[in-house]
Amino acid sequence: MNNVRVRFAPSPTGPLHIGGVRTALYNYLFAKKHGGEFILRIEDTDQTRYVANAEQYIIDALDWCNIPFDEGPNKNEKFGPYRQSERRELYKQYADQLIASGNAYYAFDTAEELDAERTKAEAKKEPFIYNHSTRQKLNNSLTLSKEEVAAKIEAGEKYVVRFKMYDTSFENDILTTTDLIRKDVSFKLFLLDDKVLYKSDGMPTYHLANIVDDHLMEISHVIRGEEWLPSLPLHISLYNALEWTAPQFAHLPLILKPVGKGKLSKRDGDKLGFPVFPLEYTNEISGEISRGYKEDGYLPDAFINMLALLGWNPGTEQEIFSLEELSQNFSLERVSKSGAKFSPEKTNWFNQQYLQAKNNSEVAELFTAILTEKGIQANAAYIETVVGLVKERAVFVKDLWDLSDFFFTKPTEFDEKASKKQWKADTGSLMNEVIEVLKPIEDFSSANVETILKEWITAKEIGFGKVMQPLRLSLVGALKGPHLFDIAAMIGKEATLERIQFAIHTLG
Ligand code: GLU
């Protein structure tokens with residue numbers, strides 16, 4: 001495929017939903033697969049919905065996901081600027097061109113006038129649509145004389161430019177086009193309204209700005225969410241009216257709720273306890289903080305792998321893909337038409353797979369950050385060994401703390417239920433004997449301590465559990481953790497004896 005240029009074109013109205021991240025990802029993968037460019041364009045023409053920290057959030061999110069854009073705000077601005085608000089001068093000429101060619105017209109109807117039309121239609125139990133069925137009776141340049149129009153504009157009267165979506169003089173009242181995922185799609189043009197393209201405040205609407213920019217930025221493929229499919233007939237008609245070649249379109253399926261029907265929302269995440277945003281987000285006005293995958297401890301490559309498979313399948317059983325493998329394998333043909341159900345459990349499974357695949361020293365590095373936060377200092381080799389002992393049970397790096405805290409701090413209290421069950425009246429004196437057995441051991445390695453203690457237990461003819469469980473309780477504070485003698489060897493003889501003494505002192 002030649003000159004593939006795709007874009008991710010979010011509106012900076014808030015944090016990026018994971019559906020948006022997936023759109024960005026599929027654009028990125030498609031570009032990489034075909035040796036093309038991935039562009040970030042900020043669609044900020046709707047000033048009423050503009051949120052100041054949203055653009056930086058989007059950039060930070062793409063950065064965390066490791067899906068860098070080739071061109072965008074402040075980066076390789078070949079076709080820049082990439083913020084629509086900085087391109088506003090550019091759009092008017094195209095609105096003018098569409099008016100001149102008879103494809104668009106000025107409309108001066110006030111909000112009150114349009115309301116009155118709506119009320120009239122309602123009385124007849126009909127919907128009001130500004131289109132071929134009504135435009136000839138309304139306040140626009142199709143019904144006013146040239147002079148009247150010029151006078152109104154001259155007088156500074158507010159207007160909008162509307163696109164003539166359909167006219168009875170058209171050859172076809174149905175538009176059929178191809179979507180790369182949905183194949184042939186048809187739209188009844190005569191049912192659609194004459195969308196506003198431009199407003200007298202000098203701002204284009206999304207529709208005009210979007211297609212002008214896709215054209216000027218030489219976008220070859222528009223890959224975007226299914227919610228934009230209804231806009232497709234308008235966009236294709238605009239390309240035709242401007243006599244431009246339209247890019248190819250692909251509309252991605254929705255990401256669905258884990259249970260029930262409908263699009264995955266922030267409420268679903270709140271209810272079921274998972275984030276729907278890549279990064280934590282603070283609402284500037286309400287101060288409300290929304291959770292993010294990053295802050296919740298997910299690894300970015302696991303998150304991306306999960307998202308890639310939410311709507312796309314490789315056609316094989318393979319589930320684990322590096323970003324590189326994804327870009328080699330990705331194709332729009334294998335993106336499904338129907339919605340993809342989001343699964344928080346599967347997301348955790350991916351995280352676990354990625355965590356287990358990392359070597360101990362990589363995980364130790366991530367874990368060290370958590371230890372430092374807790375004010376714990378330990379040497380790198382020690383942390384790495386601990387990681388090796390407990391990693392297999394972790395889904396997240398942060399799980400390592402619960403799995404291994406006793407390697408770094410001594411227990412200050414003991415699990416109540418376990419103490420009741422395992423620490424009997426004679427346990428204290430038995431543990432005093434254990435201390436005497438351990439004291440003289442010089443080679444305090446796991447295997448040696450195990451041999452000596454087990455020989456002693458056998459000679460004493462008591463059950464192993466009578467010693468092992470209280471010993472675990474003493475060293476760990478609960479009945480958890482890896483092989484008991486590995487723990488003893490790791491913390492060393494002195495700490496082992498000290499912890500047993502403290503347990504005897506506390507539990508009797
Ligand atoms: N600005 C639109 C959005 O926020 C972009 C739609 C498109 O990709 O054409 O999703």
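We count residues from 1, following the sequence as given. Everything numeric in this text was worked out from a predicted model, so none of it was measured. One-based numbering, in listed order, for ligands and for the atoms of each.
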So, regarding A9 and ligand 1 (criterion: nitrogen or oxygen to nitrogen or oxygen, under 3.5 Å), is there a contact or not? yes

Min side-chain heavy-atom separation F274-L264 under 4.5 Å: yes

Checking contacts here: is it the side chain or the backbone of W228 that comes within 4.0 Å of ligand 1, counting heavy atoms only? Could be both or neither. side chain

Any carboxylate oxygen within less than 4.0 angstrom of a Lys/Arg side-chain nitrogen, looking at K391 and E384? no

Polar side chain donor-acceptor pair, Y105 to D194, under 3.5 angstrom: yes

Answer yes or no for N210: is there a heavy-atom contact with ligand 1 below 4.0 Å? yes

With no hydrogens and no angle check, do the side chains of E218 and N3 hold a donor and an acceptor under 3.5 Å apart? no

Taking the minimum heavy-atom distance to atom 1 (N) of ligand 1, which of E43, R7, R49, H235 ranks first? E43

